[in-house]
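In what follows, a single structure is set out as structure tokens and then discussed.
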Amino acid sequence: MEVFKKLAKYSWMVDIFKKMGKAERNNFITGYKNRKQYYTMEGMKANLKDLLKCANCPNMCRFDCPTLQISKRETYSPAKKAQIAYFLGMNYIPFEEKSAQNALYACVTCDACREWCPMDISTGDLLVEMRQELDQKGLVPESVQVLKNRANKNGTIFEESPFYNNSEFNINDPDPEVFYYIGCMDIQNRPETVRATIQLLRHLKIPFATRLDQRQCCGGPIYKAGFRKEAKKISTQNQRLLQNFSGKTVITNCPGCFATLNKIYDNLETPIKIKVIHSIEFFLEKIQQGVLKLSKPVNKTICFHDPCLISRSSSVKNYVADFRELFKLIPGIKLQEPLLHGNETRCCGMGGTYAVSNPSNALKLHIDRFSQLQETNSDLIVSACSTCEYAFKKAQIETKSNDTQILDFIELLALSIDQNK
Amino acid sequence: MDEFRQESTPINVYFKHDRSKINLDIPKIKEDLAKIFSHERISSELADKIAYGKDYWLIGTLMNLHGQIPAYPDIIVWPKTTDEIVQLVKYAANHNPPIPIIPYGEGSGVVGGAIPVFGGIIVDMKYFDQIEINPINMTARIGAGVNGKTLERYLNAHGFRMGHIPQSLYTSTIGGYFAHRAAGQFSGKYGKFEDIVKSFELVLPSGEILNTKFYPRAAVGPMIDRIFLGSEGTLGIMTAVTCRIWPFPEKQIGISFVFNDLNQSLEAIRKIIQGQINPAVIRIYDKLETKRHFGKTEKRSKNKYMVVFVCEGPSELVELEEKVVRRNCLAQGGLECGDGPVQHWFDTRFVVKESSEYAPYGLVFDTIEVAIPWDRANDLYNAVIKQIMNVPGAIMASGHASHFYTSGVCFYFTFTAVPRENQSPIDLYNQCWDATCETTLKYNGTISHHHGIGLNRTRWMHLEHGTEFSLLKKIKKMLDPKNIMNPGKLYVDLTEEEKEKIENMGKTKLPINLSYFVTQKNELQSKKGEKKHGSI
Ligand SMILES: Cc1cc2nc3c(=O)[nH]c(=O)nc-3n(C[C@H](O)[C@H](O)[C@H](O)COP(=O)(O)OP(=O)(O)OC[C@H]3O[C@@H](n4cnc5c(N)ncnc54)[C@H](O)[C@@H]3O)c2cc1C
């Protein structure tokens, strides 16, 4: 019987079962059989079962939830957001209720919750599904709706697409080995990182292509905002583009693109067959093989901000150790870790379209994380994500603390190679 | 959204919380509060009311399944300064009718302590989040809203440890620990929260600020500060505490033993503690819990009582503690199992998923922690397990002991029960609680070791405290004449019928355990002949 099979997992329960009176056993089995009534609602695609599990948990991950820490609002703690989403999903509160809608968007989808979850639940993933329900009902708040309009207009989250034919970054070598998948945030806000990557690829004499003439956003932010249909439209086109690529590897500097192409595309049923890796993996391997030589000492203390999407235990790939390895190999670098680092990193505040739905709290998060990094008193603040770096630059302007330089690890790499060798 | 209100749900069969008596003009109150708090720190939005309408009392969790909330607050505020709280309290007390004020930490309380049964204003303390270390006095000044894990992580990174590690570390605040006299897993070394707190700031219901003095020790008349520890938000709002801290331990070891019976394991630990050795963690698991937690990882634990120890501190001390622990456990027939089981305990100690997994099965379950002197400990354990299992519908009762003193022990019971058709799960839940509290009181034990009273245990207050209770009520009346602070908890008068029922329980005779008295007599006799050197 299903119930016994399931319970065999919990062998300590077998004795309890054996000793149970007949009436209790029958009541138990009836209760077990009826359990689905608590998470079944016709027409609801969101995962109500996990939402209920999350809602009934004592919030054991709350201390690392950035939106709770910054808003101080119990309502935005993971278990309470799940409770609100569950109440919406079960029709206990109407979807029109604005305060409940706000709870759905009070999440940076950084998966810090999942890091601590004994049930391996990502509250962010669950909330994204519920945002999709809001979209279905045409109830998405105006601030977020903007993203959908832009996605429909130019396939990105920007007013104007940063991908175009005559861009300096539209490079398409003959017989490219590598597809360099440039993130829109890279071009828009941190073009220096794109230049540094190109410099390194050129230094290694690796032919590559960026196909900016055919590019769109990866669709990650659109998906996370709850616009599944638009995200799928984009992912389908990107799938085609990457399938037609004859090289071996896709590299990207953007953890968002990396996670989206690897994970969300599976979810959207547009899986990418070719290997997609973050550029750390690509360049670290070249260094370890002795192909890329780091010969110029940088002579700086650095503090590294691990981007959530490539640092959690549950990430598609966790690059925490790779970065530490890399910093050991760059001459003259001394790493100083902030209090929250590695898989316990703290989101910069840009994730999950939080900066669109809650700009003022997102800014507080940028400042909060930036000041945590500054506490290490390092010469440089380094990350591996243009979006995070953009957030810290905003924080720097806002707090008028312009003395610490913010760099991407790829820029650091470019600094330590000798162009003449 | 008022149609969503479901106040009629019987959240507690013993007390009727008649909210209708407190009729509040919410828009007007919000307008008044806007003179104290900026607008984004005042809310009466539905999602907020839902979020703050429940803590982690099982009843609220069961209600979640039905889209219900134990009780709504009318308004939530987020003060940033003590002065704002002073103004709020004065406003609430002077309002006609007086407005209930309920301090709120992180809602991990398991007895309904933060549930706003009469509505009113929830005061979320999360902005009180400062931590300041004094490395000379080895203290930290900590805001009431600081989360336990955030604090310990911060202290560890600076080379310190407070050592207050409740299982809810990740989801509870300093304010909650103070309010409930909480106890952490490492309490054997670092003490319970009342041992850790040296001084504090608290806003009284009158709006006066109580700032207790920080001293190493004092003998300056009665120490009234102790009244507030454990007052559960009913005597004021605590804003910050000064706590003692320690250097991060140089060494930590784990050691474990299995025993054939509970009494042997209790005796081993009694000898260790009374022999002046204080391991940070000591836990005895009964057979069922041993099977549940260690059955898969430690084969030698089959049909046994597992005992785990963690010793930490300076290396020499840890080595000595380990030696004495081993000697006493072996002497009582324990079999050493190394540090594997301790490691397993470390790996799983924050894994909490029972409510998430089992609540939809229609079960009721909970944990109840009580305290009892050594000479009745073994008997109380047996009696409670038996009484819970006598409740029709109960399918499981188990226990472990997790805090120990020279004079006694804390037992932590877990029960599970299946309601019969048409039986209210809450009735069944209360029957299991009654069975435990009744039995504990019969043995002259204490009905809560660290979870506190809240809504759930209020009905036992006068039996637990006896003559102290009327004095306690007088103190409450004096400090909070309008009863604004967290009403409905701790001091509630019972109806005649309830009184009779509960008092009859208290009067039942305690069965005398002859076996224990024989052991005691032998122990005394053997000590009689011993000559002590250098005795004073
Ligand atoms: C999984 C789990 C494990 C647990 N393990 C333990 C354990 O090992 N040891 C233990 O002792 N407890 C434990 N608890 C119980 C609970 O965590 C504690 O009671 C904790 O002290 C509550 O803290 P909180 O901040 O969540 O308080 P809340 O639940 O928010 O409030 C509890 C009470 O404190 C009052 N209060 C809160 N802040 C203040 C303040 N600043 N001033 C005045 N009153 C205030 C509230 O009004 C309420 O009455 C556990 C709970 C759970 C869910």
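Within every chain, numbering begins at 1; the chains are lettered A, B, ... in the order of the sequence lines, protein sequences first and strands thereafter. This one's a predicted model, so the numbers in the text were calculated from it and none came from an experiment.
The heavy-atom pair separating B:Val352 from A:Pro118 by the smallest distance is O-CG, 3.9 Å. The two atoms that bring A:Pro58 and B:Tyr56 nearest to each other are CD-OH, 3.1 Å, heavy atoms only. Nearest heavy atoms, A:Arg73 versus B:Trp78: CG-CZ2, 3.4 Å. Across all non-hydrogen atoms, the minimal contact from A:Phe28 to B:Ile395 is CD1-CD1, 4.2 Å. Across all non-hydrogen atoms, the minimal contact from A:Glu24 to B:Gly393 is OE2-N, 3.1 Å. Between A:Lys72 and B:Asp124 the shortest heavy-atom distance is O-OD2, 3.5 Å.
Side-chain contact between A:Gln83 and B:Ile50: present, with at least one pair of heavy atoms (C-beta onward) separated by less than 4.5 Å.
Ring pair B:Tyr170/A:Phe63 is tilted by interplanar angle, where 30° to 60° counts as tilted.
B:Lys126 and A:Glu74 are joined by a salt bridge, as a carboxylate oxygen and a charged side-chain nitrogen come within less than 4.0 angstrom of each other.
With values rounded to the nearest 0.5 angstrom, A:Arg35 atom CZ is found 13.5 Å from B:Leu65 atom CG. We find the OH-OH distance between B:Tyr361 and A:Tyr38 to be 13.0 Å, quoted to the nearest 0.5 Å. We find the NE2-OH distance between B:His66 and A:Tyr92 to be 7.0 Å, quoted to the nearest 0.5 Å. The OG atom of B:Ser356 sits 9.5 Å away from atom CG of A:Asp50, with the distance rounded to the nearest 0.5 Å. Annotation: the span from A:Phe87 atom CZ to B:Leu46 atom CG amounts to 9.5 Å, rounded to 0.5 Å.
B:Asp48 and A:Thr75 are linked by a side-chain donor-acceptor pair at a separation below 3.5 angstrom, with hydrogens and angles left out of the test.
When A:Met60, A:Met119, A:Gln37 are compared by the number of non-hydrogen pairs under 4.5 Å with chain B, A:Met60 comes out ahead. Ranked by heavy-atom pairs under 4.5 Å with chain A, the first of B:Ala394, B:Gly362, B:Pro360 is B:Pro360. Annotation: maximal heavy-atom pairing with chain B below 4.5 Å, among A:Asn34, A:Asp64, A:Thr30, occurs at A:Asp64. Heavy-atom pairs under 4.5 Å with chain B peak, among A:Tyr39, A:Tyr86, A:Tyr76, at A:Tyr86. Taking B:Arg153, B:Met396, B:Lys291 one by one and counting their heavy-atom pairs under 4.5 Å with chain A, the maximum is reached by B:Arg153. When each of B:Glu354, B:Glu45, B:Arg292, B:Met125 is scored by its heavy-atom pairs under 4.5 Å with chain A, the top score falls to B:Arg292. Ranked by heavy-atom pairs shorter than 4.5 Å toward chain A, the options B:Asn64, B:Leu288, B:Asp129, B:Leu169 are led by B:Asn64. Of all the listed residues (A:Gly31, A:Cys54, A:Ala55, A:Ser99), the one sharing the greatest number of non-hydrogen pairs under 4.5 Å with chain B is A:Ser99.
When atom types are taken as modelled, the side chain of A:Arg62 and the backbone of B:Asn147 share no donor-acceptor pair closer than 3.5 angstrom.
Using non-hydrogen atoms only and a strict 4.5 Å limit, the part of residues 414-423 of chain B facing chain A consists of B:Val418, B:Pro419, B:Arg420, B:Glu421. Heavy-atom neighbours of chain B within the stretch residues 334-343 of chain A, taken at a separation under 4.5 angstrom, comprise A:Leu339, A:Leu340.
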